[in-house]
Amino acid sequence: MDTQIKPEVQTGEAPRKRGAAGGYNPQAIESKWQKVWEEMGLNHASDDDPRPKFYNLVMFPYPSGDLHIGHWYNFVGADVYGRFMRLNGYNVMQPMGFDAFGLPAENAAIKRGVQASKWTYSNMANMRQQFKTMGAIWDWEREIASCDPEYYKWTQWFFLKLYEAGLAYRAKAAVNWCPNDKTVLANEQVLANGTCERCGAIVEKRDLEQWFFKITAYADRLLEFKDIEWPEKTKTMQTNWIGRSEGARINFTAEAQDGTVHSIPVFTTRPDTIYGVTFFLLAPEHPLVAQLVTPEQKAEVEAYVQKARSETEIERQSTEKAKTGVFTGAYATNPVTGQKIPIWITDYVLMGYGTGAVMGVPAHDQRDFEFARTMNLPIVLVYQPEGQQINSDEMTEALVHEGNLVNSGPFNNLPDSPETVKRFIDYIAEKGMGEAKVNYRLRDWLISRQRFWGAPIPMVYCPQDGIVPVPEAQLPVLLPDEVEFKPGGESPLNYVPEFVNTTCPKCGGPARRETDTMDTFMCSSWYFLRYTDPHNDQQAFDPAKVRRWMPVDQYIGGPEHATMHLLYARFFIKALKDMGIVEFDEPFKRLFHQGMILSEGRKMSKSKGKTIAPDRLVSENGADAVRAFLMFLGPFDKGADWNDKTEQLLVGIARFLNRVWALSNDYGEGKFSENSNAIVDSSAEARIRRAMHKTIERVIADYNVFQFNTVLSALMEFSNTLFKIVEESPTVQQGEAWDTAIDTLLVMLAPICPHMTEELWQARGHADSIHVQSMPIYDPALAADEVVTIVIQINGKVRDRLDVPAGMGEEEVKARILSSPKVTAVVGDSKPKKVIYVAGKLINIVV
RNA sequence: GCCCUGGUGGCGGAAUGGCAGACGCGGCGGUCUCAAAAACCGUUGGGCUAACACCCGUGUGGGUUCGACUCCCACCCUGGGCACCA
């Protein structure tokens with residue numbers, strides 16, 4: 001492929017036409033070039049292109065119906081980066097598709113009686129057209145939609161693979177239930193205040209048989225982040241979400257009412273405080289509660305359990321400060337001390353974490369401390385700060401991480417340290433009372449959804465054979481075309497007998513299909529693999545093609561997916577690697593989170609807040625201006641808040657584009673010298689080259705870090721400089737430096753304004769597309785100034801400036817400055833205390 | 001409460017420890033025009049000045065340094081994440 005911009009005039013090229021493009025009329029040129037590029041296949045990334053590959057991926061959108069300005073911001077930024085990488089010589093693959101299953105389609109079906117598939121496909125058609133006005137390099141030949149049977153066939157296939165690998169299982173679980181959406185939600189979809197992420201309704205708990213993926217089996221590997229460049233923030237969020245903590249599992253014992261002795265394990269990170277245990281806590285849902293409770297306490301305990309169960313998350317949290325609980329009447333035995341301690345139930349112990357049982361150490365755990373104070377339970381210190389004798393009655397809060405052990409038998413005087421913790425674990429393990437244990441905050445991934453518009457889970461329930469997977473040859477399990485929506489907790493698929501009733505793949509007898517569908521995060525956990533081979537009807541993908549394109553070199557999407565999609569996709573790939581389906585461990589090599597466009601401080605979405613449509617802005621100013629304007633709002637990771645003043649910035653961009661247009665067309669006919677015999681001012685040419693190379697340096701550096709706003713600033717400065725130079729020295733435009741400068745300006749601007757720069761490029765007589773050129777190469781020698789300005793500071797304050805030739809030696813510069821009238825006036829005859837000289841930049845005279 | 005961001009003109013925002021406010025919007029003044037718009041030129045942090053000069057200025061208070069928007073400590077506020085995780 002062509003072509004580095006050569007510093008000299010290229011011989012053998014047709015003579016340059018000038019001013020051929022006429023006035024800048026974006027509407028006329030944009031659709032023209034979009035068509036030309038499409039016909040050329042410019043945006044299609046071929047599998048056998050010899051250039052190095054670059055997989056530039058942006059999170060695929062949900063087909064909500066219309067692209068709003070926030071979508072534009074997101075996708076334009078991704079496209080600018082992809083175009084930049086293409087100019088860097090890469091074979092850029094930049095696909096687009098739709099994350100097309102999900103609730104809104106179903107809600108539309110319920111509300112408006114339109115079939116979910118019709119709604120979705122017509123939205124996609126509309127958005128595809130809108131996407132095309134953007135002038136991005138989407139490779140439409142690779143388009144996918146996760147609701148296509150050709151796609152979800154393989155989503156189901158992956159489910160079967162996970163099932164075969166023992167990573168999918170069915171279990172009854174207290175699940176998050178949204179009473180409004182009538183579906184189960186993943187933990188990730190429940191907001192901190194206990195409400196539904198989608199609709200805001202208060203989430204309830206229900207026990208249901210559900211399908212889970214064993215993401216917890218990968219917890220440690222998910223903490224690794226090996227060889228990936230991700231924002232620290234995102235890695236921290238995932239790390240905290242996984243929530244690894246090391247400690248011990250210790251078996252306490254307790255006698256039930258019927259006389260059986262039960263071993264009740266607890267998890268603790270502080271086994272070293274076991275001599276300070278004064279009570280034992282169980283979660284209200286703990287299965288042993290009913291067997292342990294004494295007849296006298298039964299009524300009170302049952303009432304508490306009932307209350308805790310009926311309470312929603314939000315209600316449990318509203319009582320956060322005050323500790324509550326009930327004594328069971330039973331006692332547990334501390335295996336280390338042999339002591340008997342009362343067993344209480346309390347809702348601050350969670351059934352879902354650890355073992356649902358906790359040893360209460362009020363002296364050294366703040367929650368236990370509060371509980372003990374509320375319930376009047378004893379507090380025993382097992383750590384005392386050096387040289388102090390704290391009395392538990394005087395304590396106002398728990399003592400954490402301080403002092404040396406006391407009241408701890410053979411362990412006395414050991415310091416509060418990881419080594420001490422290890423001593424306890426070794427001791428407990430040796431005596432068979434427990435063992436070292438790592439716990440995670442992460443729960444298994446619940447994927448069942450009681451919804452219609454999703455990929456059906458390919459499982460059959462047979463009265464003879466139990467749970468039977470659908471054989472691969474029978475995939476896909478197709479969704480019925482028409483369904484009826486009825487209120488209630490079940491999937492609408494339950495009411496489609498042709499769907500539900502099937503035969504058992506094993507015995508051939510009558511059986512029922514699973515009617516739940518999969519969480520859409522399942523669809524999005526592998527779509528980036530499908531893009532590499534989107535039309536394969538034999539396999540999910542050809543392994544050679546995945547090897548060719550994966551991993552994704554640059555992934556761009558919002559930070560809101562940090563603990564959901566981005567975590568699930570990593571798990572998915574690791575699982576596939578273990579099954580030998582892929583060969584890499586991490587799907588996304590580099591990750592970038594773009595900022596969000598807010599509308600008066602609120603999120604822009606169809607359901608909440610008002611959306612800004614780009615259509616008017618595009619028809620008035622052209623796509624290039626809107627692209628540049630969005631990128632000029634600020635750094636790409638920051639987003640912007642849209643208000644009355646925001647659009648005003650478009651004026652400046654429009655002016656800039658007109659100026660570039662004018663520069664490239666030699667600023668209107670006859671304004672500058674067209675005398676071809678004129679002598680070209682070589683110092684003006686040197687100025688042009690210096691400005692150009694300084695700009696190249698800045699532009700490349702800023703593109704690389706997604707600072708598109710300062711790319712534009714640099715290009716604006718450069719074009720302003722070109723105007724200034726040509727005004728002063730009109731003959732420069734007869735020389736080679738000028739032509740190179742204009743060409744270079746256009747290439748550097750091309751990723752942001754692809755249509756206009758293409759029009760100008762070809763009007764300037766170039767035969768091929770500007771988008772197959774290369775980024776110019778920065779030459780520091782050509783950027784070097786001949787004269788530098790030395791800032792003169794006295795006591796750190798700027799007092800003067802002095803221009804000196806760039807090569808002048810330190811001694812000479814100092815001598816010149818120290819003898820200058822401004823300096824002598826302040827310094828006088830006295831010798832300065834200190835003189836700091838920064839070569840070519842600054843001198844600071846301390847007096 | 002814990003973790004992570006950020007705090008700079010009227011506005012969006014620039015600044016490897018070295019000229020704070022690049023670039024752009026808006027404002028003001030001008031050129032062109034019968035006039036307006038557009039375009040172009042000049043100017044634009046605040047204070048005090050006729051002007052030069054000088055002083056003050058990057059959330060607040062300290063510190064390090066010849067020199068701090070930048071580094072360190074404490075605090076205040078904005079945004080995001082987690083939240084009784086034993």
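All chains are named by letter (A, B, ...) in the order of the sequence lines, taking the proteins before the strands, and each is independently numbered beginning at 1. For clarity, every value in this text was computed on a predicted model and none was experimentally measured.
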- Message: Less than 4.5 Å apart, side chain to side chain, heavy atoms only: is that true for A/F252 and A/V336?
- Response: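 No, side chains not in contact.
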
- Could you pull out all residues at least two apart from A/N720 that satisfy side chain to side chain contact (heavy atoms under 4.5 Å, CB included)?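 Side chain to side chain contact (heavy atoms under 4.5 Å, CB included) check on A/N720 returns A/R659.
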
- Residues two or more places apart in sequence or in another chain: which of them pass side chain to side chain contact (heavy atoms under 4.5 Å, CB included) with A/E246?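 A/E246: side chain to side chain contact (heavy atoms under 4.5 Å, CB included) contacts with A/R244, A/V438.
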
- So, are A/R270 and A/D365 salt-bridged, with charged N and O less than 4.0 Å apart?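 Not counted as a salt bridge, because no side-chain N and carboxylate O are separated by less than 4.0 Å.
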
- Query: So A/H693 and A/Y778, would you call those rings parallel, tilted or perpendicular, with 30° and 60° as cut-offs?
  - Reply: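 It falls in the tilted class, 30° to 60°.
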
Atom-to-atom span, [atom1] of [X] to [atom2] of [N] - whole angstrom:
X	N	atom1	atom2	value
A/F723	B/G42	CZ	P	13 Å
A/I792	B/G67	CD1	C1'	16 Å
A/I794	B/G67	CD1	C1'	14 Å
A/D637	B/G80	CG	C1'	13 Å
A/E717	B/G21	CD	P	12 Å
A/W241	B/A83	CH2	P	5 Å
A/D272	B/A86	CG	C1'	13 Å
A/I345	B/A86	CD1	P	22 Å

Any donor-acceptor pair under 3.5 Å linking the side-chain atoms of [Y] with those of [X]?
X	Y	answer
A/N334	A/Q339	no
A/S408	A/Y383	no
A/N439	A/S245	no
A/D803	A/T789	yes

Does [N] have its OP1 or OP2 closer than 4.0 Å to a side-chain nitrogen or oxygen of [X]?
X	N	result
A/R655	B/G24	no
A/S245	B/A86	yes
A/R698	B/A22	no
A/Y348	B/A86	no
A/N240	B/G81	no

- Taking the six-membered ring of A/F267 as reference, does the NZ or CZ atom of A/K437 fall below 6.0 Å from its centre and within a 45° cone about the axis?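 Verdict for A/F267: no cation-pi partner in A/K437.
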
- Cation over ring face, A/R441 and A/W241, 6.0 Å, 45°: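 Checked: cation-pi criterion met.
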
Base, sugar-phosphate, or nothing: which does [X] touch, judged by heavy atoms less than 4.0 Å apart?
X	answer
A/N658	nothing
A/K233	base
A/R799	sugar-phosphate
A/K833	nothing
A/R801	base
A/T646	nothing

From the list [options], which nucleotide is the closest neighbour of the side chain of [X]?
X	options	result
A/M716	B/C82, B/G79, B/G24	B/G24
A/K638	B/C41, B/G13, B/C56	B/G13
A/P635	B/A86, B/A14, B/G26	B/A14
A/F632	B/A86, B/C4, B/G24	B/G24
A/L649	B/A86, B/A83, B/G24	B/G24
A/T710	B/A15, B/C82, B/C19	B/A15
A/V798	B/A20, B/C55, B/A86	B/A20
A/V846	B/C66, B/G26, B/C19	B/C66
A/Q793	B/C4, B/C19, B/C23	B/C19
A/D347	B/A86, B/C84, B/C23	B/C84

[M] and [N], which share atom name [atom1], separated by this distance in whole Å:
N	M	atom1	result
B/A20	B/U44	P	16 Å
B/G67	B/C19	P	15 Å
B/U64	B/A74	C1'	15 Å
B/G24	B/U43	P	13 Å
B/G63	B/G17	C1'	16 Å
B/G59	B/C54	P	26 Å
B/C11	B/U5	P	26 Å
B/C32	B/G42	C1'	15 Å

- Can you sort out the partners of A/H286 under side-chain hydrogen bond (donor to acceptor under 3.5 Å, both in side chains), two or more places apart, ordered by chain and number?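 Checked A/H286 against side-chain hydrogen bond (donor to acceptor under 3.5 Å, both in side chains); zero matches.
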
- Syn/anti state of B/G9 by chi, 90° boundary around 0: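 Judged by the O4'-C1' to base torsion, B/G9 sits in syn, the angle falling within 90° of 0.
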
- Distance-only donor-acceptor test (3.5 Å): side chain A/E560, base B/G80: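 No, the side chain and the base share no sub-3.5 Å donor-acceptor pair.
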
- Are A/F280 and A/W344 close enough that their ring centers fall under 6.0 Å?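 Distance test on ring centres: not under 6.0 Å, no.
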
Sequence neighbours left out, cut at 3.5 Å: what donor-acceptor pairs do the side chains of residues 839-847 of chain A make with other protein atoms?
| residue | atom | partner | partner atom | Å |
| --- | --- | --- | --- | --- |
| A/N844 | OD1 | A/G796 | N | 2.9 |

- Message: Near RNA chain B, counting only heavy atoms under 4.0 Å, which residues of residues 835-845 of chain A show up?
- Response: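 Those residues are A/I836, A/V838, A/K841, A/L842, A/N844.
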
- Message: Show me, range against range, the stems involving RNA chain B, built from at least 3 consecutive Watson-Crick or G-U pairs below 3.5 Å.
- Response: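 RNA chain B forms these stems: B:1-4 with B:79-82, B:10-12 with B:23-25, B:26-31 with B:39-44, B:45-47 with B:54-56, B:59-63 with B:71-75.
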
- Query: Which residue, A/Q648 or A/D641, contacts RNA chain B at a nucleotide closer to its 5' end, judged by nearest heavy atom?
  - Reply: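 Checking each residue's closest nucleotide, the 5'-ward one belongs to A/D641.
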
- Message: Nearest heavy atom decides the nucleotide; on that basis, is A/T789 or A/Q707 closer to the 5' end of RNA chain B?
- Response: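 By nearest-heavy-atom nucleotide position, the 5'-most residue is A/Q707.
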
